[in-house]
Amino acid sequence: MGALPELSVDIGGLKIKNPVIAASGTFGYGDELAPFYDPSLLGAIIVKGLSLRPMPGNPPPRIVETPCGLLNAIGLANIGIEAFVGEKLPSLATIKAPIITNIYGHTIEDYAEMARRIEGVKGIAAVEVNISCPNVEQGGMAFGRDPDSAARVADRVVENTTKPVIVKLTPNVTDIGLIAKAVEAAGAQSISVTNTFLGMAVDVATRRPKLANMVGGLSGPAIKPMALYLVHEVVKAVRIPVIGLGGIMDYHDALEFLLVGARAIQVGTANLVNPKAAIEIVNGLTDFCLREKIKDINEIIGALETKGEDHEKKGDRKDKSKANF
Ligand SMILES: Cc1cc2nc3c(=O)[nH]c(=O)nc-3n(C[C@H](O)[C@H](O)[C@H](O)COP(=O)(O)O)c2cc1C
């Protein structure tokens with residue numbers, strides 16, 4: 001075996017050892033998957049979305065499986081920022097991967113206050129700002145659907161912290177590039193794309209919605225092509241790093257996002273299907289680079305080829321490890 005490829009990437013003020021990040025809400029408070037593998041091996045871990053005060057979330061049922069996807073309406077059930085910092089964070093100190101908090105607010109001032117509370121806390125490497133949750137009545141996605149309010153949230157968070165700020169966008173908009181530009185202008189260091197797509201499921205026998213909240217957010221393989229497109233759009237719109245996510249199940253999916261220009265990727269629903277999914281993606285990317293003689297993963301980022309030879313001839317460069325590539 002040759003020398004190991006360089007996998008580290010810079011996601012806007014935060015250098016991570018590989019581009020694979022655990023997505024918020026699918027990795028608990030950081031160490032729930034530790035029985036399956038050492039979470040230190042991941043590029044970073046984003047913990048469950050936190051709010052200023054604890055939130056019970058929505059009533060059950062709040063998760064429904066759909067073909068190739070998952071519809072959730074958790075409603076940001078969480079223990080609140082104080083309990084996270086006091087009770088959970090200390091036990092995460094042994095994890096040698098950056099811990100990123102994901103924050104949510106009912107008001108713009110809530111976001112600013114969360115940023116202030118996190119600012120002095122050691123062990124939190126960056127802040128991901130969720131302006132894209134479809135499952136809460138107030139705040140969340142409402143901020144992420146309007147360029148002005150998205151920018152105001154980003155601005156207030158950036159103003160109140162020296163930690164890198166990642167803003168997580170909603171796909172449920174007409175022009176995601178517009179929102180991305182507004183957030184970049186407000187000073188965000190990077191952008192993650194995407195949160196879940198609004199969706200519904202109905203039980204025909206009872207004639208009732210399958211989710212108590214009626215509406216939920218769709219994630220998993222069902223959304224991958226749409227998420228990939230949105231990442232492509234945002235990469236074109238901004239200069240700051242974009243972190244891609246949405247339906248990434250294996251290293252091959254991860255490569256698609258990197259090729260369209262995502263600087264790193266997040267693994268969400270896949271963790272719920274296969275607890276080892278994220279680490280398998282790290283290993284898959286390493287093996288891919290070795291096989292393809294790629295010395296540095298950054299060579300792949302944004303390397304989508306759109307000109308030149310026709311698609312048929314390019315078949316020669318197929319990744320032979322994947323039958324249906
Ligand atoms: C059960 C569940 C809970 C989630 N909770 C959060 C959350 O607290 N904050 C957040 O920003 N995103 C949350 N998400 C969204 C994911 O982080 C991710 O953006 C989305 O699921 C798309 O990626 P995926 O298809 O890889 O899961 C949640 C998703 C699921 C499935």
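When a ligand or atom number is given, it counts from 1 through the structure's own listing order.
Side chains of Ile21 and Ile243 form a contact here, defined as non-hydrogen atoms less than 4.5 Å apart. Taking the side chain as every heavy atom from C-beta outward, Leu228 and Phe257 approach each other to under 4.5 Å. Within the 4.5 Å cutoff, the side chain of Val167 has heavy atoms near those of the Ile131 side chain.
Residue contacts with ligand 1 include Gly220, since one of its heavy atoms falls under 4.0 Å from the ligand.
The protein heavy-atom contact nearest to atom 20 (C) of ligand 1 is Thr196 CG2, 3.7 Å. Ranking the protein heavy atoms by distance from atom 12 (N) of ligand 1 puts Lys168 NZ, 3.0 Å first. Protein heavy atom in closest approach to atom 21 (O) of ligand 1: Ser219 CB, 3.2 Å. Distance from atom 3 (C) of ligand 1 to its nearest protein heavy atom, with residue and atom name: Gly25 O, 3.5 Å. Here the heavy atom of the protein found nearest to atom 18 (C) of ligand 1 is Leu245 CD1, 3.5 Å. Nearest non-hydrogen protein atom to atom 8 (O) of ligand 1 is Lys48 NZ, 2.9 Å.
Under the 4.0 Å criterion applied to side-chain N and carboxylate O atoms, Glu82 and Arg53 are not assigned as salt-bridge partners. Taking 4.0 Å as the cut-off between side-chain N and carboxylate O, Arg117 and Glu113 count as a salt-bridged pair. Under 4.0 Å is where a charged nitrogen must lie from a carboxylate oxygen, and between Lys236 and Glu233 at least one such pair does. Arg239 and Glu184 are not joined by a salt bridge, as no carboxylate oxygen comes within less than 4.0 angstrom of a charged side-chain nitrogen. Asp10 and Arg263 are not joined by a salt bridge, as no carboxylate oxygen comes within less than 4.0 angstrom of a charged side-chain nitrogen.
When heavy-atom distances to ligand 1 are checked against a 4.0 Å cut-off, Gln266 has no atom that comes that close, whether in backbone or side chain. Contact annotation for Asn72 and ligand 1: only side-chain heavy atoms (C-beta onward) come within less than 4.0 Å of the ligand.
Considering backbone and side-chain N/O of Gly268, one or more are found under 3.5 Å from N/O of ligand 1. Between Gly247 and ligand 1, at least one N/O pair is under 3.5 Å apart. Residue Gly49 has at least one N or O atom closer than 3.5 Å to an N or O atom of ligand 1.
Ligand 1 places these atoms under 4.0 Å from at least one heavy atom of Ala23: 17 (O). For ligand 1 and Asn130, the ligand atoms under 4.0 Å from any heavy atom of the residue are 9 (N), 10 (C), 11 (O). Shown in contact with Leu76 at under 4.0 Å from a heavy atom are these atoms of ligand 1, numbered in order with element: 7 (C), 8 (O).
By heavy-atom distance, the residue among Gly57, Gly75, Ser24 lying nearest atom 28 (C) of ligand 1 is Ser24. The option with the heavy atom closest to atom 22 (C) of ligand 1, from among Ile131, Asn271, Thr194, Val273, is Thr194.
Under the 30°/60° scheme for interplanar angles, the aromatic rings of Tyr111 and Phe143 are found to stand perpendicular. Ring planes of Tyr104 and His106: perpendicular class, angle over 60° (limits at 30 and 60°).
Across Ile240 and Gln189, no two heavy atoms sit closer than the pair CB-O, 3.5 Å.
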